[in-house]
Amino acid sequence: GNSLRVGILVAIISTMLGVLAARAITRSRLPGQNAIVAFVMLPIVMPGIIFGVALLVLLSRLGVPLSLYTVGLGHLIVCLPFAIATLLPRFEGFDKSMEEASADLGENGWHTFWRVTFPIVLPGVVASLLLTFTISFDEVIMAFFLTGTEPTLPMYIWSQLRFPREFPSVLALSTIILLVSFILVFVALWIGRMGLNKDAGKL
């Protein structure tokens, strides 16, 4: 239950932030934009243990107690780059003149986004939700440093490895999680590619 709550919340927030970031990256050129994007993408290439220790030290200094919220914060840092990477091709892969046509017909920016942009990038949004949920549900390094009294499922499995009699159930549970995660990631990638080849052919 803890892993589900954290995973769903992290998936929604990271996807929302990913939509905003991907739109900003593809629609505007801000000063220092490349440096900002590179900084946001760091968790993909840097070991999670670095961010885990850094967050633990920071939260300790601020006096923030460890809980599922701190775990969610750590997972958000890990998942946001994947959300942006999943959504960027969707924003780059459709004709921007459709948004311009909507604006010419009198729609404001908000209505243009919901009536034109969002339906086109919806496969990317769904793919981001599935992918970030899977990453958050399976993430163990951040949870190891930031978990309080409410462990997530990976932390529970980790704790049970100390007891040999629990090995069969732990291995069975791990196998199920692995299979489900593989299916979710495969579906996410498949959905994320929907329409991209067709759009590329038009360009």
Side-chain angles (χ1 to χ4, degrees), residues 1-22 36 38-87 125-189 191-192:
N2 291 338
S3 291
L4 286 175
R5 288 196 295 271
V6 172
I8 292 173
L9 185 62
V10 168
I12 293 174
I13 295 177
S14 60
T15 299
M16 291 174 60
L17 295 176
V19 168
L20 297 176
I36 295 174
F39 178 77
V40 174
M41 292 296 184
L42 273 180
I44 293 181
V45 297
M46 289 190 66
I49 190 172
I50 296 177
F51 287 97
V53 172
L55 266 180
L56 178 60
V57 172
L58 177 62
L59 294 173
S60 299
R61 294 287 180 86
L62 296 176
V64 178
L66 299 182
S67 64
L68 290 180
Y69 294 103
T70 57
V71 174
L73 177 61
H75 288 188
L76 184 61
I77 293 175
V78 174
C79 292
L80 182 57
F82 290 94
I84 296 175
T86 303
L87 289 162
V125 172
V126 176
S128 174
L129 287 170
L130 292 175
L131 184 60
T132 52
F133 171 80
T134 305
I135 294 172
S136 175
F137 191 86
D138 295 339
E139 216 286 325
V140 66
I141 297 178
M142 286 290 190
F144 179 81
F145 289 101
L146 303 176
T147 296
T149 58
E150 300 176 282
T152 58
L153 183 58
M155 287 305 302
Y156 170 78
I157 294 175
W158 174 265
S159 65
Q160 295 303 302
L161 292 178
R162 296 175 297 174
F163 308 105
R165 71 176 187 276
E166 300 293 339
F167 277 3
S169 59
V170 168
L171 291 176
L173 182 59
S174 301
T175 302
I176 294 174
I177 294 175
L178 179 63
L179 291 175
V180 173
S181 299
F182 175 80
I183 293 172
L184 287 177
V185 171
F186 177 81
V187 172
L189 294 176
I191 294 177

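A quick note: this is a predicted structure, and the numbers were derived from the prediction, not measured. Keep in mind that the numbers below use all heavy atoms, side chains included, and drop hydrogens, waters and symmetry copies.
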d(Leu42 CG, Leu80 CG) to nearest 0.5 Å is 12.0 Å

Over all atoms of both residues, closest heavy-atom pair of Cys79 and Val10: SG-CG1, 3.8 Å

Using 0.5 Å steps for rounding, measure from the CD1 atom of Ile135 to the CE atom of Met142. 12.0 Å

Tell me the closest heavy-atom pair linking Thr70 and Ser67, and the distance in Å. OG1-O, 2.6 Å

When rounded to the nearest 0.5 angstrom, what distance separates CE in Met155 from CG in Asn2? 12.0 Å

Once rounded to the nearest 0.5 Å, what's the spacing between atom CG of Leu184 and atom CG of Leu131? 9.5 Å

Minimal non-hydrogen separation, His75 against Ser136, with atom names: ND1-OG, 2.8 Å

For Ser128 and Thr15, test the side chains for any donor-to-acceptor distance below 3.5 angstrom and give the result as yes or no. yes

Where do Pro43 and Val78 come nearest, in terms of heavy atoms and distance? CB-CA, 4.3 Å

Contact check, side chains of Leu66 and Thr147, non-hydrogen atoms, under 4.5 Å: no

When you compare the side chain of Ile49 with that of Phe145, does any pair of heavy atoms fall below 4.5 Å? yes

So Leu76 and Leu9, do their side chains get closer than 4.5 Å, heavy atoms only? no

Heavy-atom count check: over 12 atoms from other residues, nucleotides or ligands less than 6.0 Å from Phe137 CZ? yes

Spacing of CG belonging to Leu146 relative to CD1 belonging to Ile141, to within rounding of 0.5 Å: 11.5 Å

Mind checking the CZ-CG spacing from Phe133 to Asp138? Nearest 0.5 Å is all I need. 8.5 Å

For the student: nearest non-hydrogen atoms of Gly72 and Val6, plus distance: CA-CG1, 4.0 Å

If every non-hydrogen atom of Gly74 is compared with every non-hydrogen atom of Leu55, which pair is closest and at what distance? CA-CD1, 3.7 Å

